[in-house]
Amino acid sequence: MTIGFMVQNKSMISHGTLLAKSLLVDDKVKVLVLVPEKEVTTIEILIERLASDRLQVIPFELPKELEKFPFADKVFAAAKAESMTKGILLWMDVDSIFFVEPSKLILEEDKLIGYRPVDKKLIGSDYNKEISSFWSMIYKYFNLEDQFEPITTSVDNVLIRPYINAGFLMVRCELGIFKLWVKYFIDLVYSKDIIPYYSESVLYKIFIHQAVLTGVILSRINQDNLQLLSSNVNYPIHLHNEHPLSDSIKSSRDLISCRYDTYFNHPTEK
């Protein structure tokens, strides 16, 4: 099993070290650490700390005009990891931890992608309302009909049109999903149809990468071939108090993996 994540810069080394350690306990796992080319020398300490022949640091290129665009680096990093992987790639955010051996997480034979929904609706489109103008534009771009089965956001529990979490995704690399993500991300982020939404709300700029990823997946893969991963995968502990499962999730023993975001930044508030 190959698992990839990105370490953007020196400030993320501790996160990358923690995640990699939780992955490398499983001897069936190979870890790819994607790093922007200009940051490679700054994370040598991560390699020294882990010293595993199952961990590889891989530089990736990011167009200069996109260096400051939110999460553009994630898009390009994922595509680079995909290009270097045969079979299944689990792509995940660096501020995450596995609590069980990752190879126990299985993508079913008849499924092409394993995913989690977004945590909160935010720019998503409420299934019980007319499709929003933003998503109508995304659907038009990818030649999609508004006929998909809804999904439920994991934290605010809203029924929405499919909107896939880019922070934890199992993909069959032969599909080239992440390669297409790069292609359409470049096409769309500065298109005349999209730019007005950035003025309407900064959330559109922050999450356009997820909307594009969702468009790519829905335009290439039948919804029946998507596997909804369980709620104890990529569990957002930073949103635990808001989560519908907060009463049943008592400790890490109840989880397969978590994402913690800024949870550990304010220990006195716990």
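Counting from 1, the numbers follow the sequence of the chain as shown. Because the structure is predicted, anything quoted here is derived from the model rather than measured. Atom set for the values below is all heavy atoms of this structure, side chains included, hydrogens, waters and symmetry mates excluded.
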Does a side-chain heavy-atom distance below 4.5 Å link Ile208 with Phe71? no

Centroid-to-centroid, Phe69 to His209, below 6.0 Å? no

Looking at Gly16 and Val7, what are the two nearest heavy atoms and their distance? CA-CG2, 4.2 Å

Without hydrogens or angle criteria, can the side chains of Thr85 and Glu82 be said to hold a donor-acceptor pair below 3.5 Å? no

With side-chain hydrogen bond (donor to acceptor under 3.5 Å, both in side chains) as the test, would you mind laying out the steps for Ser257 and Asn234 before giving the verdict? CA-CA 5 Å; Ser257 73; Asn234 199 45; 5.1 Å; no

For Ser11 and Asn9, does a side-chain donor sit closer than 3.5 Å to a side-chain acceptor? yes

Would you say the side chain of Arg220 lies within less than 4.5 Å of the side chain of Leu175, judging by non-hydrogen atoms? no

Given side chains that start at C-beta, do those of Gln210 and Ile164 come closer than 4.5 Å, heavy atoms only? no

Using every non-hydrogen atom in the two residues, find where Gly114 and Leu229 come nearest and quote the distance to one decimal. C-CD1, 3.8 Å

How close do Thr153 and Pro117 get, heavy atom to heavy atom, and via which atoms? CA-CB, 4.4 Å

Under 4.5 Å between side-chain heavy atoms, hopping through other hydrophobics if needed: is there a path connecting Trp91 to Val182? yes

Examine Leu90 and Ile256 and state if one hydrophobic cluster contains both, with Ile, Leu, Val, Met, Phe, Trp and Tyr joined whenever side-chain heavy atoms are less than 4.5 Å apart. yes

Tell me if the centroids of the rings in Tyr115 and Phe168 come within less than 6.0 Å of each other. no

Are Val171 and Phe98 linked, directly or through intermediate hydrophobic residues, by side-chain heavy-atom contacts shorter than 4.5 Å (ILVMFWY only)? no

If every non-hydrogen atom of Gln8 is compared with every non-hydrogen atom of Asp73, which pair is closest and at what distance? CG-OD2, 3.4 Å

Under the criterion side-chain hydrogen bond (donor to acceptor under 3.5 Å, both in side chains), I'd like the reasoning laid out for Asn232 against Ser230: C-alpha separation, chi angles, the key distance, then a yes or no. CA-CA 5 Å; Asn232 60 354; Ser230 64; 2.4 Å; yes

Worked verdict on Glu174 versus Lys86 for salt bridge (charged side-chain N to carboxylate O under 4.0 Å, His left out): CA-CA 7 Å; Glu174 63 269 22; Lys86 291 183 179 179; over 6 Å; no

Quick one: CG on Asp261 to NE2 on His238, what's the gap to the nearest 0.5 Å? 4.0 Å

Residue pair Ser132, Arg161: steps toward the side-chain contact (heavy atoms from CB on, under 4.5 Å) verdict: CA-CA 10 Å; Ser132 66; Arg161 292 172 173 83; over 6 Å; no

Checking Tyr197 against Ser133: is there a side-chain donor and acceptor pair closer than 3.5 Å? yes

Parallel, tilted or perpendicular, as decided by the 30° and 60° cut-offs, for the rings of Tyr235 and His243: tilted

Distance-only donor-acceptor check, side chains Thr17 and Arg49, under 3.5 Å: yes

Do Ile194 and Val189 come within less than 4.5 Å of each other through their side chains, counting heavy atoms only? no

ILVMFWY cluster, Phe185 and Tyr190 together (side-chain gap under 4.5 Å): yes

I'd like to know whether NZ of Lys179 has more than 12 heavy-atom contacts from other residues, nucleotides or ligands below 6.0 angstrom. no

Derivation and outcome, salt bridge (charged side-chain N to carboxylate O under 4.0 Å, His left out), residues Arg259 and Asp93: CA-CA 8 Å; Arg259 178 165 177 262; Asp93 283 342; 3.3 Å; yes

Apply the test ring-ring contact (aromatic ring centres under 6.0 Å, His included) to residues Phe5 and His15: give CA-CA distance (whole Å), side-chain angles for both, the deciding distance (0.1 Å), then the verdict. CA-CA 11 Å; Phe5 60 86; His15 300 284; over 10 Å; no

Give a yes or no on this: more than 12 heavy atoms of other residues, nucleotides or ligands lie within 6.0 Å of atom CD of Glu145. no

If I take atom CG from residue Leu62 and atom NZ from residue Lys74, how far apart are they, to the nearest 0.5 angstrom? 13.5 Å

Atom of Ser103, atom of Val29 and distance for their closest heavy-atom approach: N-CG2, 4.4 Å

Side-chain touch Leu89/Phe178, heavy atoms, less than 4.5 angstrom: yes

Does Lys111 NZ have over 12 foreign heavy atoms under 6.0 Å away? yes

Does Ile106 offer a backbone N or O that forms a donor-acceptor pair with the side chain of Gln227 under 3.5 Å? yes

So Phe134 and Glu200, do their side chains get closer than 4.5 Å, heavy atoms only? no

Under 6.0 Å between the ring centres of Phe60 and Phe76? no

Where is the tightest heavy-atom contact between Gly215 and Ile138, given as atom of each residue plus distance? CA-CG2, 4.5 Å

